[in-house]
> 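Structure below; questions to follow.
Start at 1 and go down the list; that is how both ligands and their atoms are numbered. Counting from 1, the numbers follow the sequence of the chain as shown.
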Amino acid sequence: MEKRNERQVILFPLPLQGCINPMLQLAKILYSRGFSITIIHTRFNAPKSSDHPLFTFLQISDGLSESQTQSRDVLLQLTLLNNNCENPFRECLAKVIKPSSDSGTEERKISCLIDDSGWVFTQSVSESFNLPRFVLCAYKFSFFLGHLLVPQIRREGFLPVPDSEAEDLVLEFPPLRKKDLSRIMGTSAQSEPLDSYLHKIIEATKPASGLIVMSCEELDLDSLTESNKVFSFPIFPIGPFHIHDVPASSSSLLEPDQSCIPWLDKHETRSVIYVSLGSIASLNESDFLEIACGLRNTNQSFLWVVRPGSVHGRDWIESLPSGFMESLEGKGKIVKWAPQLDVLAHRATGGFLTHNGWNSTLESICEGVPMICLPFVWDQFVNARYISEVWRVGIHLEGRIERREIERAVIRLMVESEGEEIRDRIKVLRDEVRRSVKQGGSASRSLDELVDRISIRAA
Ligand SMILES: Cc1cn([C@H]2C[C@H](O)[C@@H](COP(=O)(O)OP(=O)(O)O[C@H]3O[C@H](CO)[C@@H](O)[C@H](O)[C@H]3O)O2)c(=O)[nH]c1=O
Ligand SMILES: C[C@@H](CO)CCNc1ncnc2nc[nH]c12
């Protein structure tokens, strides 16, 4: 029997839902390999410790004010968190590493720290404790390389992109098109802080003991090959974390509305389009109404996540025209938060209108659900181009939040023969990715290597 406690891993997620899910999933994977798990987390977006009784949770202060926690500016939030958390994190880590002598516990063997690439102070802190640090990349790996490319492309003066070149491919950063660039690079006020943040991420990753990537060769071979020319740290692409064979549990910050499942049960196979824009994206009211009317006009059934506060200036969905829900005659359901993995795995779900956050993108691929791509910010534009143009397992809305366009895309995907072809292709991709995490697959081998690597120090 493996004696737990002897090999301990300390995890420090970035407090965004899209980064908490991968980190807790990784915790479950490592726990199943015999490591005991300690999670250091901020007060902001603290994970629910009661959902994970086998792990130890330690909270640190993050200094965010009430209004800063509500901000829509993720870059600002990440900058503040990185400025505020270094000392609390260092103090917390010191306590974990050297429990007070009167507590009676002997010094524990800590294998390593694993934290998100978005933390930029942790490398120097872990070095000061002589603790190996592994970095978690919760993006498609090609986008990690994009951290180098964004500042470089900006220096080369690509912006603004003339209309005549909007559709051109960005040779330095395939498969992006030039029109994606201006939306990835943020507002002009963000350019300096963003480039400086990206630079810090790269510099803090270079000396790390390794990079754990939520992707696999089947999805990222080109960039994994390319990265060996750029970086010298070992890279562990261990596949989509949630399909590794560990017990399921939720790490949702909001309560999933379980009535989604009996509602789906009442629908025919592949007849429902699931609509969700992730945990951060928000809409203005007119875009919200265009989506609502577009979905209604398809006459297809839809399940739509509208987070409270995600329609600008409104609490929830009160700006829908009166009688809207009734007019759907049971064909539409709107919830505040969905049990997304169960929804995507449900036989009734036939398509996913998504913002292409990397978690949602992987979850959809792993269930073989074809997508309609509506990226909002950041890596989502890269993911959306892979989905629509490289793997051809989805339809790109090209940012057109207009009822006609949405209606048309849903019908193409859910009703027309084009949708059948897309569905066939995503099933092939699903099978390849799922095979990768099975014994003998490349992601599975990579996980074995990672486990070996982090076991050395505690042995
Ligand atoms: C709206 C909703 C979401 N979820 C889950 C599904 C996903 O695991 C997770 C959301 O993660 P993502 O799909 O990656 O999206 P998001 O929250 O925007 O994630 C951020 O982090 C991602 C990973 O770094 C980035 O790829 C995104 O661009 C970034 O915005 O939350 C639910 O379980 N139920 C829901 O109702
Ligand atoms: C300046 C804007 C431009 O699209 C990116 C900031 N957004 C983000 N920056 C860094 N990590 C993130 N994880 C999720 N969103 C992120």
Side-chain angles (χ1 to χ4, degrees), residues 13-26 45 47-48 51 72-75 77-78 115-119 135-144 146-147 180 183-184 186 198 201 212-215 219-220 240-243 248-261 264 274-283 302-310 316 333-346 349 352-367 369 371 373-387:
L14 203 63
L16 302 176
Q17 182 75 73
C19 303
I20 291 169
N21 286 358
M23 193 64 92
L24 284 166
Q25 204 64 45
L26 180 62
N45 280 347
K48 277 199 240 149
D51 288 339
R72 286 206 194 95
D73 187 342
V74 179
L75 181 62
Q77 282 181 333
L78 296 177
D115 68 290
D116 198 282
S117 61
W119 289 122
V135 179
L136 168 62
C137 169
Y139 297 124
K140 187 178 189 302
F141 188 64
S142 26
F143 195 76
F144 190 78
H147 287 39
D180 300 324
R183 298 197 55 194
I184 285 199
L198 298 178
I201 290 175
I212 305 168
V213 181
M214 188 164 71
S215 190
L219 298 172
D220 250 325
F241 297 178
H242 74 282
I243 55 171
S249 65
S250 162
S251 44
S252 282
L253 300 169
L254 299 176
E255 198 57 48
D257 185 334
Q258 296 299 343
S259 70
C260 292
I261 304 303
L264 285 169
Y274 171 56
V275 183
S276 157
L277 304 174
S279 68
I280 300 175
S282 59
L283 291 165
F302 64 87
L303 172 60
W304 184 8
V305 179
V306 180
R307 281 176 295 108
S310 67
W316 193 38
K333 181 174 175 68
I334 301 183
V335 298
K336 294 176 177 166
W337 190 263
Q340 181 163 304
L341 279 173
D342 298 329
V343 168
L344 289 171
H346 198 287
T349 304
F352 184 8
L353 171 50
T354 171
H355 72 313
N356 285 121
W358 187 231
N359 294 281
S360 293
T361 303
L362 284 177
E363 289 161 10
S364 204
I365 290 173
C366 291
E367 299 307 331
V369 176
M371 284 162 257
C373 305
L374 183 56
F376 274 68
V377 292
W378 209 221
D379 63 317
Q380 297 154 17
F381 289 93
V382 174
N383 304 336
R385 289 285 164 220
Y386 272 92
I387 290 298

> Can His242 be said to touch ligand 1, with heavy atoms closer than 4.0 Å?
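False for this residue.
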> Of all the atoms in ligand 1, which lie at a distance below 4.0 Å from a heavy atom belonging to Gln340?
2 (C), 3 (C), 4 (N), 6 (C), 32 (C), 33 (O), 34 (N)
> Any idea which of Gly357, Pro22, Ser117, Ser360 brings a heavy atom closest to atom 13 (O) of ligand 1?
Ser360
> In terms of atom number and element, which parts of ligand 1 are under 4.0 angstrom from non-hydrogen atoms of Ala138?
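Near Ala138, the atoms of ligand 1 are 23 (C), 24 (O).
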> What part of Asn21, side chain from CB on, backbone N/CA/C/O, both or neither, has a heavy atom under 4.0 Å from ligand 1?
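The part of Asn21 near ligand 1 is the side chain, not the backbone.
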> Report yes if Gln17 has an N/O atom closer than 3.5 Å to an N/O atom of ligand 1; otherwise report no.
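No - when backbone and side-chain N and O of Gln17 are compared with those of ligand 1, no distance drops under 3.5 Å.
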> Record the part of Ser276 in heavy-atom contact with ligand 1 below 4.0 Å; permitted values are side chain, backbone, both and neither.
side chain
> Identify, by atom number and element, the atoms of ligand 1 in contact range of Ile280, meaning under 4.0 Å from any of its heavy atoms.
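Those qualifying, in numeric order: 30 (O).
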> For Gly278, counting its heavy atoms only, list the atoms of ligand 1 lying under 4.0 Å from any of them.
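Taking each heavy atom of Gly278 in turn, ligand 1 has 1 (C) under 4.0 Å.
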> Where does the angle between the aromatic ring planes of Phe141 and Phe144 fall among parallel (under 30°), tilted (30 to 60°) and perpendicular (over 60°)?
parallel
> Does some non-hydrogen atom of Arg307 fall short of 4.0 Å from ligand 1?
no
> Check each atom of ligand 1 against the heavy atoms of Asp379 and keep those under 4.0 Å away; list them by number with element.
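Those qualifying, in numeric order: 25 (C), 26 (O), 27 (C), 28 (O).
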